[in-house]
Amino acid sequence: MTKLFKPMLIATLLAAGVAGSALAADDAPSQNPMLMMGKGRHMDPAQREAMAARHLQALHDQLKLQAKQEAAWKTYTESMKPGERAMPPKPQAGETAPQRMERMLDMMKQHQDGMQKRLDALKTFYAQLTPEQQKVMDQWHGPMEHKGRMGSMAKPQPK
């Protein structure tokens, strides 16, 4: 019986640890907005705005902008604010597959227009930066490797 007791005790403790971890992980999405978005839940608009403001302030601080660059920064940040999100039109009764796809294509064109405006603002701002500041900007908007779904929302570490 003593020979079985020790392995059973270890197995029970391991099982309790795994169960506790699972319960803790299950509670985490309700507390972490990044995980909420990853789980398909929608972030509260106020939380989203606060997170974006913190992100932009951290970028601003790391760029160490000069007074003459502040106007370009303001233009850039204004362009990055999300516009009013248009809801896709509801499918119409009797709508054909090509008509639905045309509707989706129109929505994608609207999104692309918004991205083009943001790209133009980014290029204008980027041209105002010193080479050192451009490196910081490149780090902030770099590849999404190991940053999770939000990519550049994670603060990069200086090299």
Side-chain angles (χ1 to χ4, degrees), residues 20-159:
S21 296
L23 288 174
D26 198 31
D27 290 342
S30 64
Q31 299 168 4
N32 185 334
M34 299 304 246
L35 292 176
M36 286 171 45
M37 291 177 67
K39 296 274 185 184
R41 298 179 187 155
H42 295 283
M43 184 184 260
D44 176 30
Q47 286 179 322
R48 186 182 306 112
E49 284 182 32
M51 184 177 66
R54 285 191 307 270
H55 169 74
L56 287 173
Q57 185 59 50
L59 176 58
H60 182 275
D61 294 347
Q62 206 171 21
L63 285 171
K64 300 174 186 158
L65 296 174
Q66 301 163 3
K68 64 183 180 181
Q69 296 171 316
E70 287 294 334
W73 168 257
K74 185 174 181 183
T75 303
Y76 166 71
T77 57
E78 288 297 318
S79 75
M80 291 296 135
K81 289 183 180 176
E84 191 64 34
R85 292 185 182 195
M87 293 298 293
K90 295 188 180 197
Q92 303 298 315
E95 189 176 43
T96 65
Q99 289 170 330
R100 280 193 301 271
M101 188 169 277
E102 283 179 2
R103 197 168 31 84
M104 287 187 284
L105 183 61
D106 289 340
M107 180 73 78
M108 289 177 72
K109 287 177 183 176
Q110 290 174 5
H111 289 206
Q112 185 176 4
D113 290 344
M115 289 297 293
Q116 185 63 51
K117 288 176 186 173
R118 288 182 174 102
L119 174 61
D120 293 343
L122 175 60
K123 285 180 176 180
T124 301
F125 177 62
Y126 193 85
Q128 300 289 318
L129 300 176
T130 66
E132 180 70 25
Q133 291 170 322
Q134 288 178 350
K135 288 179 185 176
V136 171
M137 196 71 167
D138 293 342
Q139 288 174 350
W140 274 81
H141 293 277
M144 292 180 62
E145 297 170 6
H146 308 294
K147 292 182 184 176
R149 185 163 182 247
M150 292 305 293
S152 63
M153 296 301 282
K155 183 179 177 184
Q157 300 301 316
K159 292 181 181 179

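Since we're looking at a predicted model, the values are computed, not measured.
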Residues which pass side-chain contact (heavy atoms from CB on, under 4.5 Å) with [X], listed by chain and number, not counting sequence neighbours:
X    : answer
M80  : Y76, R118
Q99  : E95, T96
Q133 : L63, L65, Q69, L129, T130
A121 : S79

Who are the side-chain hydrogen bond (donor to acceptor under 3.5 Å, both in side chains) partners of [X], not counting sequence neighbours?
X    : result
E49  : none
Q134 : none
E78  : K81
D113 : none

**Item:** Test log, rule side-chain contact (heavy atoms from CB on, under 4.5 Å), inputs E70 and W73
**Value:** CA-CA 5 Å; E70 287 294 334; W73 168 257; 3.9 Å; yes
**Asked** How close do T124 and Q128 get, heavy atom to heavy atom, and via which atoms?
**Response**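 In this case the closest contact between T124 and Q128 is O-CG, 3.4 Å.
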**Prompt:** Could you walk me through whether D106 and Q110 pass the side-chain hydrogen bond (donor to acceptor under 3.5 Å, both in side chains) check?
**Reply:** CA-CA 6 Å; D106 289 340; Q110 290 174 5; over 6 Å; no
**Request:** Test side-chain contact (heavy atoms from CB on, under 4.5 Å) on K64 and V136 and set out the steps.
**Result:** CA-CA 10 Å; K64 300 174 186 158; V136 171; over 6 Å; no
**Prompt:** How far does CG of L122 sit from CE of M115, to the nearest 0.5 angstrom?
**Reply:**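 That separation rounds to 9.5 Å.
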**Message:** Walk me through whether L119 and Q116 qualify under side-chain contact (heavy atoms from CB on, under 4.5 Å).
**Reply:** CA-CA 5 Å; L119 174 61; Q116 185 63 51; 4.0 Å; yes
